[in-house]
Amino acid sequence: MQIKAMLSKRIEQTFAVLGLQGDALVQAASRPEFGDYQANGVMAAAKREKKNPREVAQQVIDHLDLDGIASQIEIAGPGFLNFTLDPIWLATAAPGQVSQATPPATIVVDYSAPNLAKEMHVGHLRSTIIGDSIVRVLEAQGHQVLRQNHVGDWGTQFGMLLEYLQESGESSDQLADLETFYRSAKVRFDEDEAFQNRARKAVVDLQSGAEYAALQWQKFIAISMSHCQDIYDRLGVTLSPEHIAGESRYNEALPGVIKALENKGLLQESDGAQCVFLDEFKTKKGDILPVIVQKSDGGYLYATTDLAAIAYRTSELDADRILYCTDARQNLHFKQIFAVARLAGFNANQSSLEHLPFGTMLGADGKPFKTRSGDIIKLADLLREAENRALRLVQEKNPGLELQAARKLSKIIGIGAVKYGDLCKNRTSDYVFDWDQMISFEGNTSPYLQYAYTRVRSIFSRGEIEVATLPSEAIAVDEPERRLAVTLAALNDTLEQVAAEGYPHYLCTYLYELATRFTQFYEACPILKSTGEVKTRRLVLARQTADTLQLGLSLLGIDTPERM
RNA sequence: GCGCCUGUAGCUCAACUGGAUAGAGCAUCGGCCUUCUAAGCCGAGGGUUGAAGGUUCGAGUCCUUCCAGGCGUACCA
């Protein structure tokens, strides 16, 4: 049940009856004394009709039918409507159930997209886990989600790598560390002219489909992808080899892209390059910004590939929405290719093309994040560090725990902390990377949420409660119970927001609030010590909390341990 | 130069897209474990939301002009 949507609809229907226009502007109450939900839209609607907002608010209440849903509706301030939900209705709001989208859509999500020439580093973290979380939410809502991992597996650098692979042999130890491999290849490339020439030839051979080059390339890609897959598996990301749709896949479609642009009369030559000039990208001075689709040497660019990808996704995959989870620095690029795609008819099905940009990860100095030696931190190292820190804490908190169990637990906690540390921030802005902050276990962190979950589990095991025998609904009575129940019921409002706008931090904020409400309830309302109806309803609320926490964390891609 | 983004407590971030007294965590200070896990709870201090104007019942949010930072801006992705 999406409460906000339901209330909005009812209020707006009432607006229509009264001849008013505008949105109801429903939101969760900003303060407890304002009830559970508030509607702010009356004031604007009244103003449009030049009427007294409080009088209009009264008329809305008179015509609004929320019998059995709201136990109290009040007018406050200049014309706010404050709603208090009926506890009996609240009990039936089915916490822990994800509302299914009607009708479900086909949604392509383009995310992760590591460069296969190098090892995954912290810069790939955001796209990978933000995209994965959005994918999980959309799937939970019943949408058909098509993951597209647009890996960088094509281009000039591969000539160098293929030639070096040929020279050093695929059993080379350096391949265990792609970063070293890349660097060594670069050294060879820079020092030896003959090597350079062979590397350039390898590129040409590869792109023209020579068999030896293709074989060598496939070997390299396979090795590189297995590195990525290791990271995905450790991170608990739902990507697998079947989701790979890299740049190379569109290679054969690229001449067709140019041809199509030409047929549409969009193509212009400029300094030897094939370009599309669009009025909307003119500067005030009248300078025009080209979208270059073919270089003067005949080579293609990422704009060309992305256009081919749009055509494929909108027609072959039949996508209703295509979401791109990439760095904010590509803002202009996506604006341009979306515009070109529309003009050229590549977006055959009028798919909604949405760029979900995220900011850069910075170091403490405010500059893009590097290690002391100037290297970018590898994801593998980041994850190891997170697990080690978690292990130390786990052993400190649970001295009796066997090492193997402690390791298992520290994986769940450490990886969760890394993911949550990133997901809980508004993706749009740059953010400062800090070991202690990212791998933190107190306050608004995933361990706090996991901890709240284990406390519920602990109640059930200690009280020897058969969860299955509990009733499915409980009517909250005491204030901490009510506050918890209201928060439980808001799950789907939050999920809808995440799905519509692609901001997983809404879900984090929600879960943190839920865990906080639960902990307050836990402190104030004894469960196992209570008896009869009181005990039952509190057990039910606890179970609903555990279910919702587990569900919400799973939608962020974070596991829940049974004890900590 | 032009364009996009950012500027909120000592630090790291929220603020449901114009709503009521700007909220959390960390850090600091004080209280709470013989009672369901203290990775927790309760409380205190800490703010001219970069600056100045403007729009209106109402502005951190919208507009204008500045200031500071980041990124992008013709053959990298």
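Throughout, protein chains are lettered first and strands after them, A, B, ... in sequence-line order, and every chain is numbered starting at 1.
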Under a 3.5 Å cutoff on both atom distances, Watson-Crick or G-U, what's the dot-bracket for RNA chain B ([ ] crossing, | other strand)? (((((((..((((.....[...)))).(((((.......))))).....(((((..]....))))))))))))....

In whole angstrom, what separates [X]'s [atom1] from [N]'s [atom2]?
{"X": "A/L25", "N": "B/A20", "atom1": "CG", "atom2": "P", "answer": "13 Å"}
{"X": "A/I337", "N": "B/U73", "atom1": "CD1", "atom2": "P", "answer": "15 Å"}
{"X": "A/Q336", "N": "B/A74", "atom1": "CD", "atom2": "C1'", "answer": "10 Å"}
{"X": "A/F80", "N": "B/G18", "atom1": "CZ", "atom2": "P", "answer": "14 Å"}
{"X": "A/H355", "N": "B/C5", "atom1": "NE2", "atom2": "C1'", "answer": "12 Å"}
{"X": "A/D279", "N": "B/G3", "atom1": "CG", "atom2": "P", "answer": "17 Å"}
{"X": "A/Q294", "N": "B/A74", "atom1": "CD", "atom2": "C1'", "answer": "14 Å"}
{"X": "A/R31", "N": "B/A22", "atom1": "CZ", "atom2": "C1'", "answer": "11 Å"}

No-H, no-angle donor-acceptor pair, [X] side chain to [N] base, under 3.5 Å:
{"X": "A/D306", "N": "B/A77", "answer": "no"}
{"X": "A/K4", "N": "B/C16", "answer": "yes"}
{"X": "A/T509", "N": "B/A14", "answer": "no"}

Options [options], nucleotide nearest the side-chain atoms of [X]:
{"X": "A/A28", "options": "B/C4, B/C16, B/A14", "value": "B/C16"}
{"X": "A/K425", "options": "B/C13, B/G19, B/A77", "value": "B/C13"}
{"X": "A/N331", "options": "B/U73, B/A77, B/C4", "value": "B/C4"}

Would you confirm whether A/E12, through its side chain, and A/A24, through its main-chain N or O, come within 3.5 Å as a donor-acceptor pair? yes

Would you find a donor on one side and an acceptor on the other, under 3.5 Å apart, between the side chain of A/T360 and the backbone of A/D430? no

At 4.0 Å (heavy atoms only), tell me whether [X] reaches a base, stays on the sugar-phosphate, or touches nothing.
{"X": "A/H333", "answer": "nothing"}
{"X": "A/N426", "answer": "sugar-phosphate"}
{"X": "A/T494", "answer": "nothing"}
{"X": "A/D430", "answer": "sugar-phosphate"}
{"X": "A/D153", "answer": "nothing"}
{"X": "A/A542", "answer": "nothing"}
{"X": "A/Q38", "answer": "base"}
{"X": "A/I292", "answer": "base"}
{"X": "A/A328", "answer": "nothing"}

Residues [X] and [Y] bridged, charged N to O under 4.0 Å:
{"X": "A/D478", "Y": "A/R538", "answer": "yes"}
{"X": "A/D436", "Y": "A/R389", "answer": "yes"}
{"X": "A/E396", "Y": "A/R392", "answer": "no"}

Return yes if a side-chain donor-acceptor contact under 3.5 Å exists between [X] and [Y], otherwise no.
{"X": "A/T305", "Y": "A/E247", "value": "no"}
{"X": "A/Y302", "Y": "A/Q330", "value": "no"}
{"X": "A/Y453", "Y": "A/E562", "value": "yes"}
{"X": "A/E496", "Y": "A/Q141", "value": "yes"}

Between A/T304 and A/L301, does a side-chain contact (heavy atoms from CB on, under 4.5 Å) hold up when you go through it step by step? CA-CA 5 Å; A/T304 332; A/L301 295 107; 4.1 Å; yes

Show each protein N/O and nucleotides 35-45 of chain B N/O combination with a separation under 3.5 Å, one pair to a line.
unit_1, atom_1, unit_2, atom_2, d
B/U35, O2', A/K529, NZ, 3.2
B/C36, O2, A/I527, N, 3.4
B/C36, O2, A/L528, N, 3.1
B/C36, N3, A/I527, N, 3.1
B/C36, N4, A/Y522, O, 2.0
B/C36, N4, A/C525, O, 3.3
B/U37, OP1, A/S458, OG, 2.5
B/U37, OP2, A/S458, OG, 3.2
B/U37, O2', A/Y451, OH, 2.3
B/U37, O2', A/R455, NE, 3.0
B/U37, N3, A/M564, O, 3.0
B/U37, O4, A/T454, OG1, 3.4
B/U37, O4, A/M564, N, 3.3
B/A38, OP2, A/R455, NH2, 2.5
B/A39, OP1, A/Y451, OH, 3.3
B/A39, OP2, A/K397, NZ, 2.7
B/A39, O4', A/K397, NZ, 3.4
B/G40, OP1, A/G443, N, 3.2
B/G40, O2', A/R455, NH1, 2.9
B/C41, OP1, A/Y448, OH, 2.7
B/C41, O4', A/E523, OE2, 3.3
B/C42, OP1, A/Q520, NE2, 3.0

In whole Å, measure the gap between the [atom1] atoms of [N] and [M] for me.
{"N": "B/G19", "M": "B/C63", "atom1": "P", "result": "15 Å"}
{"N": "B/C33", "M": "B/G70", "atom1": "C1'", "result": "48 Å"}
{"N": "B/A20", "M": "B/U49", "atom1": "P", "result": "15 Å"}
{"N": "B/U21", "M": "B/U55", "atom1": "C1'", "result": "24 Å"}
{"N": "B/U28", "M": "B/G10", "atom1": "P", "result": "16 Å"}

Does the plane of the ring in A/F338 sit parallel, tilted or perpendicular to the ring in A/Y324? Use 30° and 60° as the thresholds. tilted

Would you call the rings of A/Y312 and A/Y250 parallel, tilted or perpendicular, where under 30° means parallel and over 60° means perpendicular? perpendicular

For A/E33, does the CD atom sit with more than 12 other heavy atoms under 6.0 Å from it, leaving out its own atoms? yes

Is the base of B/C33 syn or anti, if syn means a glycosidic angle within 90° of 0? syn

Classify the glycosidic conformation of B/U28 as syn or anti, calling it syn when the angle lies within 90° of 0. anti

Between A/R427 and A/Y503, is NZ or CZ placed under 6.0 angstrom from the six-membered ring centre and within 45° of the ring axis? yes

Write down the protein N/O and nucleotide N/O pairs, taken from nucleotides 57-59 of chain B, whose separation is under 3.5 Å; answer none if there are no such pairs.
unit_1, atom_1, unit_2, atom_2, d
B/C57, OP1, A/K47, NZ, 3.0

